[in-house]
There are 2 protein chains.
Amino acid sequence: MGGLAKGLAIIEAFSPHRTRMTVSDAASASGTTRASARRCLLTLTELGYLDFDGKYFRPQPRLLALSSAYSGPRSLPQLAQPFLKAARDELHESVSLAVLSGDKGLFVARSEAERLVTTGISLGTRIDLYCSATGRVLLSAWDDERLAAYFDRIKPDVRTRHSIVKKAALREVVKNVQKLGYATIDQELEMGLRSIAVPVVDERGNVVAAMSASTSTARVSTVQMINSFLLVLKANAAGLGRLTASLITNRDDRVDLA
Amino acid sequence: MGGLAKGLAIIEAFSPHRTRMTVSDAASASGTTRASARRCLLTLTELGYLDFDGKYFRPQPRLLALSSAYSGPRSLPQLAQPFLKAARDELHESVSLAVLSGDKGLFVARSEAERLVTTGISLGTRIDLYCSATGRVLLSAWDDERLAAYFDRIKPDVRTRHSIVKKAALREVVKNVQKLGYATIDQELEMGLRSIAVPVVDERGNVVAAMSASTSTARVSTVQMINSFLLVLKANAAGLGRLTASLITNRDDRVDLA
DNA sequence: TTCAGTTTGTTCGAATATCGAACAAGCGTT
DNA sequence: AACGCTTGTTCGATATTCGAACAAACTGAA
């Protein structure tokens, strides 16, 4: 069903940074023709997901209804929240949880640094695996064949002047993550942003997610980050990992409607 | 574009209570044929929004990416969060914000009672206007003509034995909300659940949202709720209302990409 | 177990909606 | 004001969707 795919692609093309789009914007952003984009946008507007003022289309609150499908009572974000909060309280930095979603890492839960209550902002953001700490942790769980195929597929973008883009170098980085058991990013994604991530491993040994802490280059050096963040993250990731068994049992269907 | 509409309807058919669906489930839930539902589900699975185990389709984290389109930096949920938190801290009860979305009230932000950090759970939930406190507040802003059309459209569901379902009675209820400036619900939506809601009015006098506090019948009586919750909600709703001007100025496009 | 009855999943030609090119309308620039 | 370019819209050829029919699985009773 091409129409559905196009429509969803257009929805995803919106972001906190792109809060409005014209027909042409949507067409180029989603990689379709203007005619298709127009039909999608019109339909989405009719359904109440977008608003149209004659020139620009804007996201409407109803889009939230699409994601409320995910996040059941025993979903990963739910389970993770106490651990993310614990880590944040100890580190005083934002702590996030990302899972694999295609060739990207998808942030499913977060505990913000300063503010006590998150609004779901930035949740659902998808970032390429090669350029984020969480992504590299997720990559580190892949076998060589899968990694090779991945690196064949992608073409790395230069985000900042610190970005590693040479595929050989990236493979080396992932190898290192496999060895060390954690990944760091130093201003590769955004200037001034430094992150460290560790895997969340379930009892079968599968990497089900990556937990990361992000900080400012002004506050914490990479060495400090490794020294002071790593243990806290490891501990909370381990705690979360132990709980994820219930997620798996959730798959063979026992409980249903309340 | 029918295909897109059907697909979105199917996505919305999932909920925290319905975390898995068969082809037939999806067909009846979204009001289409099994053939259509099947194509949608297959497409959604291929795109990574759903997972399929041969029998059941389940939501995947990628659905979060669809709603991250909404919630820009200056969105209503963002602006509301401090006020919701303030109200919650004072009342020690969950405080929510809902906006109009078609014939339903859609929860766009919430501050949970006990837990410090929300996970976005229940965000995006849409509830019929006639049976929720927030919904009745939103209805109270409508003129008679629009109300008449609304009551012609709907056919109220019996949710609990306290539910008001007779249309005449509901109209009376809405009239009362218009007069009083707040709405209450007493176990009409769910047994044991009691809520009170007030409008959030912008400086032009438009009702842009409804703010509500929910409590348990075990803890607070309706009278207590009105006496002790109303002022706090009013105050925070007013504070939020003053800020919503920036939402409107946001509509004529000044600032764009960061 | 076996066998109807019923529900569910899948297939395939008829019919509809989509696609892409061509047209029209803005918009900024010279 | 005229030009070029981008953007928005229309319309017939074409590929997709729709709905009915088929097949498979499940349910419950004998």
Side-chain angles (χ1 to χ4, degrees), chain A residues 1-15 17-60 66 69 250-257, chain B residues 1-15 17-60 63 66 69 72 250-257:
Chain A
M1 277 182 77
L4 179 53
K6 301 231 167 112
L8 295 170
I10 286 180
I11 292 176
E12 287 199 2
F14 286 98
S15 76
H17 292 285
R18 299 193 67 154
T19 61
R20 58 166 218 244
M21 284 178 124
T22 63
V23 171
S24 299
D25 289 341
S28 65
S30 64
T32 60
T33 63
R34 295 196 299 280
S36 295
R38 196 176 104 91
R39 268 170 299 137
C40 289
L41 291 166
L42 257 38
T43 302
L44 290 170
T45 302
E46 192 149 337
L47 296 173
Y49 295 102
L50 300 179
D51 182 53
F52 183 49
D53 62 6
K55 178 152 192 168
Y56 291 104
F57 294 87
R58 280 174 234 271
Q60 290 295 108
L66 296 175
N250 190 29
R251 294 210 35 149
D252 31 63
D253 359 291
R254 213 73 46 79
V255 195
D256 200 13
L257 317 178
Chain B
M1 277 183 77
L4 179 53
K6 301 235 168 106
L8 294 170
I10 286 179
I11 293 176
E12 285 199 4
F14 287 98
S15 76
H17 293 287
R18 300 193 64 153
T19 62
R20 57 163 219 246
M21 284 178 123
T22 63
V23 171
S24 298
D25 291 340
S28 65
S30 63
T32 60
T33 63
R34 295 198 301 278
S36 296
R38 195 177 103 93
R39 279 193 307 267
C40 288
L41 290 167
L42 257 38
T43 301
L44 290 169
T45 303
E46 190 148 341
L47 295 172
Y49 296 101
L50 300 179
D51 182 53
F52 183 50
D53 62 7
K55 178 152 193 170
Y56 291 105
F57 293 87
R58 282 174 233 270
Q60 290 295 109
L63 287 172
L66 295 174
N250 189 31
R251 293 208 37 146
D252 31 62
D253 358 290
R254 213 72 45 79
V255 195
D256 200 11
L257 314 179

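A note on names: the letters A, B, ... follow the listed sequences, proteins ahead of strands, and every chain is numbered from 1.
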Self-check item: Heavy-atom closest contact (Ala26(A) atom, Leu41(A) atom, distance)
Solution: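 Closest pair (atom of Ala26(A), atom of Leu41(A), distance): CB-CD1, 3.7 Å.
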Separation of atom [atom1] in [X] from atom [atom2] in [N], rounded to whole Å:
| X | N | atom1 | atom2 | answer |
| --- | --- | --- | --- | --- |
| Leu42(B) | dC18(D) | CG | P | 14 Å |
| Leu4(B) | dT16(D) | CG | P | 17 Å |
| Ile10(B) | dT17(D) | CD1 | P | 13 Å |
| Tyr56(B) | dG9(C) | OH | P | 9 Å |
| Glu46(A) | dA17(C) | CD | C1' | 15 Å |
| Phe52(A) | dT7(D) | CZ | C1' | 12 Å |
| Phe57(B) | dT8(C) | CZ | P | 14 Å |
| Asp53(A) | dG8(D) | CG | C1' | 14 Å |

_Quick one, Phe14(A) and Thr19(A) - any side-chain contact, counting heavy atoms below 4.5 Å?_
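They are not in contact (no side-chain heavy atoms under 4.5 Å apart), so the answer is no.
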Inset, instruction - Please report the C-alpha distance between Thr45(B) and Asp51(B) in whole Å, then the side-chain angles of each, then the deciding distance to 0.1 Å, and finally whether the side-chain contact (heavy atoms from CB on, under 4.5 Å) criterion is met. - result: CA-CA 5 Å; Thr45(B) 303; Asp51(B) 182 53; 5.6 Å; no
Starting from the 5' end of DNA chain C, give me the residue, Gly3(B) or Arg39(B), whose nearest nucleotide shows up first.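 Its nucleotide being nearer the 5' end, the pick is Arg39(B).
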Using heavy-atom distances to pick each residue's nearest nucleotide on DNA chain C, tell me which of Lys55(A) and Arg34(A) is more 5'.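 Its nearest nucleotide being more 5', the pick is Arg34(A).
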About how many Å separate CG of Leu4(A) and CZ of Arg39(B), when rounded to the nearest 0.5 Å?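 Going from the CZ atom of Arg39(B) to the CG atom of Leu4(A) covers 11.0 Å.
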Q.
Under 4.0 Å from OP1 or OP2 of dC19(C): is there any side-chain N or O of Ser36(A) that close?
A.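 So the side chain of Ser36(A) is within the cut-off, an N or O lying under 4.0 Å from OP1 or OP2 of dC19(C).
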What's the closest nucleotide to the Val23(B) side chain, out of dG9(C), dG8(D), dT10(D)?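 The nucleotide sitting nearest to the side chain is dG9(C).
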Nearest to the side chain of Ser24(B) - dG9(C), dG8(D), dT17(D)?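 Of all the options, the side chain of Ser24(B) is nearest to dG9(C).
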Side-chain donor-acceptor contact under 3.5 Å, Thr22(A) with Ser24(A):
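No, no side-chain donor-acceptor pair sits under 3.5 Å.
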Considering heavy-atom distances to DNA chain D, does Ala35(A) or Gly2(A) have its closest nucleotide positioned more toward the 5' end?
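So the residue in question is Ala35(A).
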**Report entry** Under-3.5 Å donor-acceptor pair between Arg38(B) side chain and dG9(C) base
**Finding:**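 Looking at the base of dG9(C), it does not pair with any donor or acceptor on the side chain of Arg38(B) (distance under 3.5 Å).
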